[in-house]
Amino acid sequence: MAGAANPTCIFCRIINGEMPGHIVFEDEVSLAFLDQRPVFPGHCLLAPKDHCETLMDVPADLLGPLFANAQVLARAMEMGLQADGSFVGMNNRVSQSVPHVHIHIVPRRRGDGLKGFFWPRQHYENEEAAVRVRDALRFVIARLQSERRA
Ligand code: AMP
């Protein structure tokens, strides 16, 4: 759901200045602030100012500016915090503890111990299993793209 502020949403309250936050960046469409429980110091959350719950709810015209700002923050991790790189990601519904869409930008350093951060991996059982998943995704993506064009 996209829309103006939601009074029960903690991120809307930070965005509106009703709750404290260590703001690192602001423009017309988004705000970035320090995560209060960082994976590493400097871990930021970038959120659109309008309340939307998940990536799927972000209006199309906001996607570009939002991700351009994520790029700025990823650069800032390297230039401002001397990070070697960053992890940029978001939870949608599952593991999403705040239902106001936000992009995590986490500074990373070689040897920082987060080798397994992107969760335990597995193998496809066989080629057929990979093809099945590939085709399921291709099918629905083709439908979504034709809906978008319509
Ligand atoms: P997620 O679990 O992906 O929804 O991420 C939500 C993040 O918001 C967590 O990493 C929390 O530490 C962070 N968080 C929750 N409340 C606040 C707050 N008031 N100020 C800053 N960060 C917060």
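Each ligand, and each atom within it, is numbered from 1 in the order the structure gives.
Not less than 6.0 angstrom separates the ring centroid of Phe33 from the ring centroid of Phe25.
Taking the salt bridge (Lys or Arg N to Asp or Glu O under 4.0 Å) definition, one finds that Glu147 meets it with Arg143, sequence neighbours left out.
Within the structure, the salt bridge (charged side-chain N to carboxylate O under 4.0 Å, His left out) test picks out the following pairs touching residues 80-104 (sequence neighbours left out): Asp84-Arg110. Identified under the salt bridge (charged side-chain N to carboxylate O under 4.0 Å, His left out) test for residues 9-19, with sequence neighbours left out: Arg13-Glu18.
Of all the heavy atoms in Ala83 and Pro107, the pair that sits closest is CB-CB, 3.8 Å.
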Return a table of N or O atom pairs, ligand 1 on one side and protein on the other, at distances under 3.5 Å, rounded to 0.1 Å.
| unit_1 | atom_1 | unit_2 | atom_2 | d |
| --- | --- | --- | --- | --- |
| ligand 1 | 2 (O) | Ser95 | O | 3.2 |
| ligand 1 | 2 (O) | Ser97 | N | 3.2 |
| ligand 1 | 2 (O) | Ser97 | OG | 2.8 |
| ligand 1 | 3 (O) | Asn91 | ND2 | 2.7 |
| ligand 1 | 3 (O) | His102 | NE2 | 3.2 |
| ligand 1 | 3 (O) | His104 | NE2 | 2.8 |
| ligand 1 | 4 (O) | Ser97 | N | 2.7 |
| ligand 1 | 4 (O) | Ser97 | OG | 3.3 |
| ligand 1 | 4 (O) | Val98 | N | 3.2 |
| ligand 1 | 4 (O) | His102 | NE2 | 2.9 |
| ligand 1 | 5 (O) | His102 | NE2 | 3.0 |
| ligand 1 | 5 (O) | His104 | NE2 | 3.3 |
| ligand 1 | 10 (O) | Asp35 | OD1 | 3.3 |
| ligand 1 | 10 (O) | Asp35 | OD2 | 2.4 |
| ligand 1 | 12 (O) | Asp35 | OD1 | 2.5 |
| ligand 1 | 16 (N) | Gln36 | NE2 | 3.3 |
| ligand 1 | 22 (N) | Gln36 | N | 3.1 |

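Separation of atoms OG (Ser30) and CG (Leu73) is listed at 8.0 Å; rounding is to 0.5 Å.
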